[in-house]
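What follows is a set of notes on a single structure, which appears directly below.
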Amino acid sequence: MVKNSGHLLVLPSSTSSGKPAAVYDDSGLTYYRVPSSSFPIRKAISISLALFMTVLLSGHYFDLVPRLASESNNRILFSESQRFWGPYSPYYPVEEYPQPPNGCSITQASTLVNILQRHGARYPTSGASKRIQRSLQKLLNASKYADMKLQFLRSYQWHLGEADLVPFGTTQSFHSGAEIYHRYRHLVDDHMLPFVRASGGDRVVKSAVNWTAGFADASGQLYHPSVSVIIPETETSNNTLENNMCPNSRASEDEANMWRDIFSASIVHRLNAAAVGAEILSEDIPELMSLCAFETVFEEKESQFCDLFSLEEFQAYEYYQDLQKYYMTGYGNPLGRVQGVGYVNELLARLSGRPVEDHTQTNSTLDSSPITFPLNRTIYADFSHDNEMVAIYSALGLFPQMHPPNPTKAGPQWTWVVSRLVPFSGRMITEKMQCFEAGIPRDFIRILINDAIQPLAFCGAGDGLCGLEAFVDSQMYARRNGAGDFEKCFLE
């Protein structure tokens with residue numbers, strides 16, 4: 001017998017009720033529409049996305065997922081350099097998943113698992129694509145190639161799409177869903193399937209759907225979770241899975257650009273000598289290095305652009321990306337981590353089994369309904385973007401740095417490594433487990449980022465375990481709605 005959690009799609013709609021109203025169509029799908037009066041968006045979700053999701057959630061997504069889980073590995077491992085591609089690195093487990101400590105287990109009714117995952121590997125975004133092609137054109141305009149590594153450019157043609165998932169990206173999410181089923185299948189039964197949400201971006205929704213397909217495949221098609229809530233990505237949407245609610249946030253690029261000019265100087269000299277007349281500048285180097293990553297995840301073989309740079313140069317490129325994220329939605333931006341507060345408060349609600357208390361990015365209509373924000377599930381999976389996940393890590397207090405980063409040199413104690421934080425299909429897993437102390441059961445929290453246990457020294461002994469109460473108490477920044485920072489997002 002196949003178990004199915006039903007199909008839900010959240011769309012804005014005008015009703016007089018403050019509760020989501022169920023609407024049925026001829027296909028048998030159930031849509032939950034949120035009243036526009038309490039759903040703070042002025043722009044309706046696009047017709048194209050709505051039509052796409054109608055097809056997607058009715059099961060016609062075979063073109064988005066791999067035919068068999070065994071057809072493709074979910075990692076591309078051609079060279080060590082791929083672990084230094086910053087946010088464009090393919091997911092890899094930073095550590096081997098550690099079983100719960102002795103005396104602890106994730107089996108009781110009070111335990112749960114909360115997954116926050118980035119979408120799978122994609123093409124460059126529209127803006128990035130323009131920058132990359134502008135830098136690439138300089139190499140293509142060279143009058144002579146004096147290095148054999150550049151000879152392939154004589155017949156090179158641009159062939160990358162924009163922003164959408166690449167086939168490898170769909171496979172990543174599929175395998176992630178399968179992995180979660182195998183790891184936590186004891187938390188699933190006929191009436192207890194994962195509750196899945198996604199931010200409304202196309203690649204995010206597809207990643208969530210592929211995750212559910214992988215979960216179903218791993219269960220032998222016994223359990224079929226569905227994407228239950230899709231939160232629109234519009235300028236006025238309350239969305240805890242996208243960083244779009246702080247208009248006053250200003251990311252500094254000065255530090256990253258300072259480091260870029262330092263590490264790229266020798267590369268600029270080398271490329272200009274090898275590509276006569278190209279007139280490559282420092283600003284072109286990160287764009288050309290990112291092309292190595294984007295072509296590799298698209299073609300599923302190492303791009304020839306990767307050969308233009310050394311491992312040490314990719315390590316320097318990683319630090320450039322680290323600085324970018326640190327000052328975008330990380331600790332380096334005064335209004336960075338506040339953009340993750342809403343999600344942290346949703347996480348606290350799930351862990352404690354209590355209604356969400358938040359006055360920042362959360363949508364009160366969605367989060368107050370047991371249909372669109374249940375508190376009785378054992379597995380939750382949310383799909384998001386890298387910048388929002390960085391904000392959430394920062395709001396939680398993960399990856400703290402003793403000092404601001406040095407824009408002229410990476411320090412030996414530097415732990416803010418973006419390829420380990422938010423690679424393509426990167427994930428944060430929060431486990432609520434039960435441990436016995438002197439024969440008495442207590443609830444504890446453990447957080448893993450790409451399977452690496454976080455020490456959680458801010459609420460425990462630094463061994464990765466925190467009592468539930470201590471963890472909740474440690475999150476005062478989120479519980480105080482950003483301690484005044486959220487209001488600064490809108491000050492004129």
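Only heavy atoms go into these numbers, but all of them, side chains included; no hydrogens, no water, no symmetry mates.
- The side-chain heavy atoms of R446 and T430, taken from C-beta on, include no pair separated by under 4.5 Å.
- Every residue meeting the side-chain hydrogen bond (donor to acceptor under 3.5 Å, both in side chains) condition with R203, not counting sequence neighbours, appears here in chain and number order: H119.
- Side-chain polar atoms of T329 and Q339 form no donor-acceptor pair below 3.5 angstrom.
- For R337 and Y477, the positive end sits near the middle of the six-membered ring, less than 6.0 Å away and at most 45° from its axis.
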> So F298 and H159, ring-ring contact (aromatic ring centres under 6.0 Å, His included) or not? Walk me through it.
Replying inline: CA-CA 10 Å; F298 168 59; H159 55 286; 5.8 Å; yes
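- For the 3.5 Å distance criterion, the side chains of Q117 and S384 fail to qualify, holding no donor opposite an acceptor.
- Side-chain contact check for L160 versus S129: every heavy-atom pair is 4.5 Å or farther apart.
- Side-chain contact of D358 with T360: a donor-acceptor pair under 3.5 Å is present, judged by distance alone.
- Side chain of Q321 to main chain of G86: no donor-acceptor pair is present (N/O by atom type, distance under 3.5 Å, no hydrogens or angles).
- Using modelled atom types, one finds no donor on one side chain facing an acceptor on the other under 3.5 Å when comparing S425 with Q172.
- Aromatic ring centres of F486 and H359: separated by at least 6.0 Å.
- Residues passing the side-chain hydrogen bond (donor to acceptor under 3.5 Å, both in side chains) test with Q304, sequence neighbours excluded: none.
- Between the SG atom in C435 and the CD1 atom in I440 there is a gap of 13.5 Å [rounded to 0.5 Å].
- We find the CG-NE2 distance between N243 and H385 to be 8.0 Å, quoted to the nearest 0.5 Å.
- Using bins of under 30°, 30° to 60° and over 60° for the plane-to-plane angle, the ring pair Y317/F314 lands in the perpendicular bin.
- No cation-pi contact links R197 to Y380, judged by a cut-off of 6.0 Å to the six-membered ring centre and 45° from its axis.
- In this structure, the salt bridge (Lys or Arg N to Asp or Glu O under 4.0 Å) partners of E313, at least two apart in sequence or on a different chain, are R270.
- A cation-pi geometry, defined here as NZ or CZ lying under 6.0 Å from the six-membered ring centre and within 45° of its normal, holds between R183 and Y97.
- Expressed to the nearest 0.5 Å, how far NE2 of H186 lies from OG1 of T378 amounts to 8.5 Å.
- There is no side-chain donor-acceptor pair under 3.5 Å between T362 and N345.
- Taking the six-membered ring for Trp and the full ring otherwise, F294 and Y123 have centroids separated by 6.0 Å or more.
- Two rings, from F424 and Y91, have their centers 6.0 Å or more apart.
- Of the inter-residue distances, the one linking L421 atom CG with W416 atom CH2 reads 6.0 Å to the nearest 0.5 angstrom.
- With contacts defined as side-chain heavy-atom distances shorter than 4.5 Å, the pair R377/L112 does not qualify.
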>> Apply salt bridge (charged side-chain N to carboxylate O under 4.0 Å, His left out) to residues R350 and D382 and explain how you reach the verdict.
In response: CA-CA 13 Å; R350 288 171 172 173; D382 297 318; 2.8 Å; yes
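- Under the salt bridge (Lys or Arg N to Asp or Glu O under 4.0 Å) criterion, D386 pairs with R118, K325, sequence neighbours left out.
- Side-chain atoms of Q82 and T296 include no donor-acceptor pair closer than 3.5 Å.
- E302 places no side-chain N or O within 3.5 Å of a backbone atom of C292 that could act as its donor or acceptor partner.
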Would you tabulate the side-chain donor-acceptor contacts of residues 452-473 under 3.5 Å, counting partners in other chains and residues two or more places apart, or write 'none'?
from : atom 1 : to   : atom 2 : distance (Å)
Q454 : NE2    : A452 : O      : 2.9
D463 : OD1    : L465 : N      : 3.1

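- Put simply, CG on L241 and CG on N239 are 5.5 Å apart, with the number rounded to the nearest 0.5 Å.
- Between E437 and F444 there is a side-chain heavy-atom pair separated by less than 4.5 Å.
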>> I'd like to know whether E179 forms a salt bridge (charged side-chain N to carboxylate O under 4.0 Å, His left out) with R427, so could you lay out the CA-CA distance, the side-chain angles of the two residues, the decisive distance to 0.1 Å, and finally the verdict.
In response: CA-CA 12 Å; E179 180 179 70; R427 62 211 66 161; 3.2 Å; yes
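- Within the 3.5 Å criterion, the main-chain N or O of L351 finds a donor-acceptor partner in the side chain of K432.
- The distance from atom OG1 of T372 to atom CG of N363, rounded to the nearest 0.5 Å, is 8.0 Å.
- Below 30°, between 30° and 60°, or above 60°: for Y393 and F399 the angle between ring planes is between 30° and 60°, a tilted geometry.
- For S290, there are no side-chain hydrogen bond (donor to acceptor under 3.5 Å, both in side chains) partners, not counting sequence neighbours.
- Checking Q315 against Y319 by side-chain atom types alone, no donor-acceptor pair falls below 3.5 Å.
- No side-chain donor-acceptor contact under 3.5 Å links S199 and E242.
- Between Y326 and Y331, the angle of the ring planes lies from 30° to 60°, which puts this pair in the tilted group.
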